[in-house]
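All values derive from a computational prediction rather than experimental measurement. Each chain gets a letter, A, B and so on, in the order the sequences are listed, and its residues count up from 1.
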Amino acid sequence: MNKIALIFLGLILTTKATAQITISGYVFDRSDRETLPGATIYLPVLQMGTATNAYGFYSITVPDNKIEVRLSYLGYATKDTTLQLSQNQTIDFYLVEEIGQIGEIEVRASHLELQEKVNSTRMGTVTLRPEEISVIPTLGGESDLIKVAQLLPGVTSGGEGSTGMFVRGGTDDQNLVVLDDAVVYNLSHLFGFFSVFNSDAIKNVELIKGGFPVDYGGRLSSVMDVRMNEGSMERYNARGGIGLLTSRLTIDGPILNDKMSFMVAARRTYIDQVFKTVGVSLPYYFYDYNVKLNYKISDRDRVFVSSYFGDDVLAFNETSESDEGNEDLNFGFKLGNFTSTLRWNHIYNSQKMFSNITLHQTRFKYDISGEFIDNKILIRSQIQDVGLKADWQYYYSPENKYVFGAMATNHYFRPNVIGTSGDISELVEGRDGQLIQNLEGAIYAGNEREISQNLSINLGLRYSFAIVDDQIYSGPEPRFSARYKLNNEHSIKAGYSLMRQYMHRVSSSSLALPTDLWYPVTKNVKPQRSNQFSLAYTRIFPEDQISVELETYFKNMYNLIEYREGASLILNDNFERELLAGEGSSYGFEILARKKTGIIKGWISYSISKTDRTFAELNNGRSYYAKYDRRHVANLVSMIKLSSRVSFSAVWTYQSGAWFTPQTGQFLMPNASLTAVELIPIYGERNGTSLGAAHRLDINFILKPRGNGRFGGEWHFGAYNFYNRAAPFRVAINNNGVTYEYVQQGLFGFIPSIAYNFNFSSR
Amino acid sequence: MILFKQNILAIAKRLAVYFRLSLNPKRRPQGRLKWFGKVSSFIKSASGSTVFACSQKFLLLAFLVLFTFTACTPDELPISVQPAESKIAVASLIGPEKLMVVSLSRSFSALSAEDISELSEDFLDRLLLDSALVRLQYEGYTDTLRNFPQIPGLYFTQLQTVEDFLLMELSVYDSTSNESVNAQSVLLPPVSLDSAGITRGDTSRTFASDFGFKVNDLPGDNFFVVHVYQFTPPDTAATDSTDTGLFFNNQNFLIYEQLFTDRGAQNGIIRKSDVLEFTSPVDSALVVITNIEEGYYRFLEARKRSGGFLSSLANEPINHPTNVKNGVGYFSAHQPRAQVVTITYQE
């Protein structure tokens with residue numbers, strides 16, 4: 001550990017000052033003045049460049065006062081400009097979107113983006129943009145960020161239709177999903193079939209599976225960083241969609257011209273209302289809202305306020321007549337997230353330093369309530385986080401960049417609050433639930449630098465801690481990645497990350513509850529920890545606009561938790577007694593070939609992996625497969641532009657079967673007094689039986705009616721599970737007349753869908 | 001709901017006919033609006049109900065949503081599951097008069113087509129081992145257990161001695177399957193109730209009674225199980241509170257089982273209390289307390305966790321621990337002690 005710190009300090013001290021003039025600023029979309037994260041600023045003469053950060057900011061220091069700059073961003077016209085510089089200064093750049101253009105402009109932008117893949121030290125990272133997400137066919141024609149992420153190599157899904165993500169052998173709770181820096185605990189609506197992210201409100205998504213940057217922590221397996229649109233500073237926009245299951249509307253625009261903008265997005269299902277028209281009661285719905293305000297205080301300061309609010313609601317009411325009068329039965333639940341973020345971006349006088357300071361709050365709560373005659377029961381579980389995060393990025397030179405910062409989050413957990421009244425209170429005792437408070441924090445620093453033209457390294461150290469009651473857990477989290485460029489088209493990369501996670505989510509292996517419990521570390525429940533090593537080879541084919549990434553990894557995980565065999569999951573106020581700690585390991589190989597431009601776009605991915613778990617008290621101490629250890633996963637995602645008005649997209653996905661623990665035998669056991677017998681089940685090896693492979697083809701046709709000035713629209717005609725194959729949703733036992741047999745039942749067969757999306761701009 | 005689905009299916013069938021006709025160019029309606037109007041009016045006529053008497057656009061939307069939910073259901077796919085190998089299942093207890101009773105049966109596939117709920121004679125005959133060679137070795141003795149008359153699968157012997165901490169070794173050989181199993185158990189000293197009381201006070205809770213008892217603890221870590229039987233004394237024979245022969249009376253239903261340890265014992269006394277739910281207004285209950293080995297305690301704990309409707313629905317799968325080599329179940333040489341407790345009533 002000390003050696004790592006020494007190396008890190010050495011790198012800082014050996015920095016050479018060669019730069020003279022620094023320019024910095026933001027890169028914007030010309031029409032909306034939305035910042036463009038990941039835009040490339042390249043200086044062809046000097047053969048150096050940089051890219052905008054997650055907030056659209058760049059800083060570059062040059063040794064000359066006259067420079068040629070080439071700016072590019074996929075989907076936007078590349079811009080060449082010459083700058084005459086005399087001193088450090090702020091320069092914002094504006095790029096113009098090229099709608100419907102496929103040609104040299106797009107190819108040039110793609111060239112630079114591809115080159116960045118070879119040059120970057122980042123590994124296991126994939127960026128998704130809303131325009132990609134919106135054309136990929138999904139269930140019911142609803143574009144869904146999480147479902148698209150599940151098509152990336154190294155990411156596997158849970159049961160059919162679920163938004164569960166299992167990244168490189170990790171569990172679903174090991175993914176850090178942040179929306180504008182606020183953690184989102186519950187990712188799904190409708191029991192997991194839809195994600196909570198409204199694609200119209202999203203600007204950019206980055207999924208990191210390995211080689212984690214030092215400013216991310218708190219989860220073992222992945223980071224999904226989702227950024228909301230900021231709202232146009234120039235014009236009013238409205239966009240939305242009408243689908244079979246939901247409708248959505250997003251409006252954004254300026255409040256103060258060139259100073260302040262807003263974005264409001266809303267989405268709701270109307271399943272309940274439609275069913276009501278045909279006399280069927282389906283008292284379920286979900287809704288969500290995204291709101292964002294963007295205020296430009298000065299050229300150097302910007303403030304953002306954003307919030308997400310969404311709920312799933314079931315409210316079942318029935319009145320029946322009896323001898324004693326009408327009897328009311330009410331049952332329902334309400335679960336949802338609320339996040340809010342206040343963010344301040346500041347550019348320091350030197351033009352080289354950028355800071356992002358975020359105050360964030362998250363709440364996830366569920367209530368399950370029931371009422372029958374005079375009996376009432378309410379079960380509630382709640383997590384609330386309040387946190388502060390401060391990041392600084394120092395662009396010392398194009399070859400040398402530092403990041404450092406700190407974060408602290410106070411978690412409040414109150415699992416299993418139970419309130420009862422009436423006779424039921426004699427059976428189920430009411431309780432307030434145990435309030436657990438947990439302070440999690442970290443400080444971190446990192447340096448990314450080009451050692452030579454071929455070799456770049458990214459070295460970081462994060463020190464994290466969690467304080468709960470009188471227990472303090474803490475430890476270092478070293479991060480390292482390096483890139484060696486073989487030439488402009490080939491590079492090899494290596495990385496190592498140690499991650500610590502100070503909370504767990506406990507969920508049943510046999511039952512998918514929407515109410516799985518998040519549980520913090522306590523005196524008895526230790527933090528999770530992982531070591532991940534990865535090695536990658538990146539190859540680009542500039543002429544064909546294709547990038548190919550091969551990556552292999554090995555990951556060890558410690559202090560994972562599982563329920564004890566036979567653990568009672570319902571109305572249990574002492575979860576710790578039911579939890580076991582164990583270890584896991586995962587290794588695999590992934591391929592991603594991706595084409596982001598041209599008439600045919602998309603990607604092909606394949607991964608082969610193996611994941612196991614070892615718990616002393618489970619499976620007689622023998623290692624067993626993780627439930628979602630899927631040996632082979634392949635995805636083919638294609639988007640084909642048939643004409644200027646018609647496009648077609650298709651997704652074919654294949655996943656080896658997940659694992660389950662079947663009951664294979666049983667025996668009769670007399671009771672204690674030999675007066676009766678009980679049937680005792682015998683289960684096979686834990687997760688020892690594989691379900692069948694799941695594969696599916698989804699298609700989507702997009703038809704754009706002829707343009708009508710500022711109003712645009714498109715029809716989506718799609719089909720989910722085109723060849724009607726049962727993907728395992730649940731396991732059932734059938735009697736075939738001769739014997740019983742286990743069968744896997746699919747939830748959704750061939751489902752056609754139709755949706756209409758529209759957009760409108762005031763200019 | 002069924003009616004709803006039938007309605008939808010009827011609409012879908014007729015709509016399919018309509019679409020087939022409309023694909024014929026000669027019969028195809030002209031223009032988008034005509035097509036739309038025909039579909040809507042068709043839905044109206046097909047339903048014939050006032051439910052559909054709303055705007056045409058909304059009707060089409062409703063239809064599409066409903067079509068989504070009644071779309072094709074994919075065929076189930078079989079999963080290859082190897083049934084568990086059939087093994088000899090062992091259960092045991094030491095009853096009154098030093099009577100060691102061992103029950104032997106065979107485990108069977110969970111995928112067997114037998115109707116387990118009925119437990120037919122024929123099925124039981126196949127499961128219960130009535131011709132096994134069962135031997136028990138302890139303290140230099142070797143007893144060969146005999147079949148209970150007319151009770152297949154149940155073997156017994158009268159022990160020569162029941163000294164505390166006696167190591168007992170059970171061996172079973174089934175000549176039919178050429179299988180043998182063996183197991184060991186330590187005979188733990190019996191434990192008696194120091195006192196027990198059952199009080200029925202709150203009449204609003206039907207037949208519910210408060211139950212409390214004290215047990216004199218033994219040295220070391222100890223594990224216990226207490227059973228309470230709803231007790232209906234025989235018509236004849238005077239009731240002796242120590243007569244454990246009542247133990248086998250089928251009229252005495254088991255209404256309560258609780259596992260506990262001596263953790264938290266104070267001054268060698270373990271105190272416990274709970275609520276009993278009787279099924280009828282009896283005057284007394286049979287309380288049986290047994291000192292058991294930790295392994296058997298774990299077995300009973302597992303059985304308790306896996307029992308019940310809620311457990312089967314929501315609990316984790318569980319494999320029961322066993323001390324039977326090559327077999328399943330649990331061989332335990334435990335000595336229950338029973339006591340009849342009269343229920344007292346409070347005003």
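- Residue with the most contacts toward chain A among B:Pro83, B:Pro321, B:Ala84: B:Ala84 (heavy-atom pairs, distance under 4.5 Å).
- With respect to the salt-bridge test (charged N to carboxylate O, under 4.0 angstrom), the residues A:Glu678 and B:Arg303 qualify.
- For the set B:Val81, B:Leu77, B:Leu128, the entry with the most heavy-atom pairs within less than 4.5 Å of chain A is B:Leu77.
- The part of B:Ser80 that comes within reach of chain A is its backbone (N, CA, C, O), which places non-hydrogen atoms under 4.5 angstrom from that chain.
- Heavy atoms closer than 4.5 Å to chain A are found nowhere in B:Glu301, neither backbone nor side chain.
- Aromatic rings of A:Tyr723 and A:His695 (six-membered ring for Trp) have centroids within the 6.0 Å cut-off, being under it.
- Chain A forms more heavy-atom pairs under 4.5 Å with one residue of B:Leu300, B:Asn319, B:Thr290 than with any other, namely B:Asn319.
- Between atom CG of residue B:Leu276 and atom CD of residue B:Gln258 there is a gap of 10.5 Å, rounded to the nearest 0.5 Å.
- Side chain to side chain, A:Ser247 and A:Tyr270 meet the donor-acceptor criterion of an N or O pair below 3.5 Å.
- Interface remark: A:Pro662 contributes side-chain atoms only to the contact with chain B (heavy atom separation under 4.5 Å).
- Within a 6.0 Å radius of CZ in A:Phe722, other residues, nucleotides and ligands contribute 12 heavy atoms or fewer.
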